[in-house]
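Because the structure is predicted, anything quoted here is derived from the model rather than measured.
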Amino acid sequence: MVAPNFHSHLTQVEVCEVQYNIRVLKMKDSVLFYIGQDKAETFDEMAVAMPNANNGTEVLGTTIIGPPDGSGAQDLAQRLAKRLKKQVYLSLSSSVPNDRIVRPSIEKKIFDDIKNNIECF
């Protein structure tokens with residue numbers, strides 16, 4: 001039996017009475033994350049990050065879609081790539097505020113989910 005090329009995973013987190021979806025598409029050598037408000041999902045910003053093949057501790061990243069200064073997608077993509085040791089694409093919807101409560105709560109949910117469900121990543 002041939003293993004499927006793609007695996008999808010959905011988790012949700014509620015922050016300040018707002019539901020956020022974290023969609024994950026696991027591919028052979030990379031992972032795509034989409035983070036957006038439930039029922040208001042838009043693909044507004046995308047970043048990519050990957051471990052440097054020449055230096056195991058360094059992670060390279062860039063913003064593909066959206067403003068160059070971005071809203072933190074590139075930084076989060078780089079931290080995820082470092083943790084997962086693979087290429088990470090990360091899209092953040094504009095419905096996800098970049099504040100001191102929502103972003104850290106979403107990031108904690110993602111890293112806890114990786115810890116508890118590594119097979120999904």
Side-chain angles (χ1 to χ4, degrees):
M1 179 174 190
V2 177
N5 292 325
F6 297 96
H7 296 276
S8 64
H9 175 67
L10 170 67
T11 190
Q12 296 177 313
V13 61
E14 186 173 314
V15 184
C16 300
E17 299 181 16
V18 177
Q19 189 81 16
Y20 295 94
N21 292 333
I22 303 165
R23 297 183 182 278
V24 179
L25 182 61
K26 177 183 174 184
M27 298 169 271
K28 181 180 175 193
D29 296 318
S30 61
V31 179
L32 169 72
F33 287 85
Y34 169 81
I35 303 166
Q37 215 177 85
D38 189 35
K39 307 216 185 331
E41 295 185 355
T42 57
F43 202 84
D44 300 314
E45 182 179 343
M46 179 174 248
V48 63
M50 66 199 77
N52 184 342
N54 298 325
N55 179 349
T57 60
E58 185 178 331
V59 176
L60 308 172
T62 191
T63 299
I64 299 172
I65 299 170
D69 54 347
S71 63
Q74 182 180 330
D75 179 55
L76 179 54
Q78 287 177 287
R79 286 188 280 131
L80 287 166
K82 186 172 187 172
R83 173 75 183 264
L84 295 170
K85 296 179 179 33
K86 61 173 71 172
Q87 187 168 0
V88 170
Y89 297 91
L90 183 107
S91 175
L92 276 174
S93 169
S94 61
S95 67
V96 181
N98 190 8
D99 64 18
R100 296 182 305 156
I101 297 172
V102 175
R103 288 289 173 87
S105 299
I106 290 172
E107 290 179 22
K108 181 181 182 330
K109 176 66 174 173
I110 291 170
F111 283 99
D112 287 349
D113 209 31
I114 289 170
K115 181 179 176 183
N116 297 322
N117 301 296
I118 191 64
E119 70 280 357
C120 297
F121 302 90

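In this structure, L80 CG and I114 CD1 are separated by 5.0 Å, a value rounded to the nearest 0.5 Å. Here the NE2 atom belonging to H7 is positioned 9.0 Å from the SG atom belonging to C120, to the nearest 0.5 angstrom.
Residues K86 and D29 fail the side-chain proximity criterion, which asks for heavy atoms closer than 4.5 Å. Here the side chains of D38 and Y20 are not in contact, with every heavy-atom distance at 4.5 Å or above. Residues I106 and V96 have side chains in contact (heavy-atom distance under 4.5 Å, counting atoms from C-beta outward).
Residues that satisfy the side chain to side chain donor-acceptor pair (under 3.5 Å) test with R23, not counting sequence neighbours, are E41. In terms of the side chain to side chain contact (heavy atoms under 4.5 Å, CB included) criterion, residue partners of D99 (sequence neighbours excluded) are, by chain and number, P97, I101, V102. Taking the side chain to side chain contact (heavy atoms under 4.5 Å, CB included) definition, one finds that D44 meets it with T42, S93, S94, sequence neighbours left out. In this structure, the side chain to side chain contact (heavy atoms under 4.5 Å, CB included) partners of E107, at least two apart in sequence or on a different chain, are L76, R79, R103. Under the side chain to side chain donor-acceptor pair (under 3.5 Å) criterion, S105 pairs with no residue, sequence neighbours left out. With sequence neighbours excluded, the residues that form a side chain to side chain donor-acceptor pair (under 3.5 Å) with K108 are D112.
The heavy-atom pair separating G61 from Q74 by the smallest distance is O-NE2, 3.1 Å. Smallest separation of non-hydrogen atoms from Q87 and P51: N-CD, 4.2 Å.
Between the Q78 side chain and the A49 main chain, no donor and acceptor come within less than 3.5 Å of each other. Side-chain atoms of Q12 do not come within 3.5 Å of backbone N or O of N21 as any donor-acceptor pair.
For residues 102-121, the ring pair (Phe, Tyr, Trp, His ring centres under 6.0 Å) pairs, not counting sequence neighbours, are H9-F121, F33-F121.
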Test log, rule side chain to side chain contact (heavy atoms under 4.5 Å, CB included), inputs I35 and I110: CA-CA 10 Å; I35 303 166; I110 291 170; 3.6 Å; yes
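Cluster partners of L25, by chain and number: F6, M27, L32, Y34, F43, M46, V48, M50, I64, I65, Y89. The rule joins Ile, Leu, Val, Met, Phe, Trp and Tyr whenever side-chain heavy atoms lie under 4.5 Å apart. When hydrophobic residues (I, L, V, M, F, W, Y) are linked wherever their side-chain heavy atoms come within less than 4.5 Å, L60 remains an isolated member.
When the side chains of ILVMFWY residues are joined at heavy-atom separations under 4.5 Å, either directly or via intervening members, L90 and L10 end up in two distinct hydrophobic clusters.
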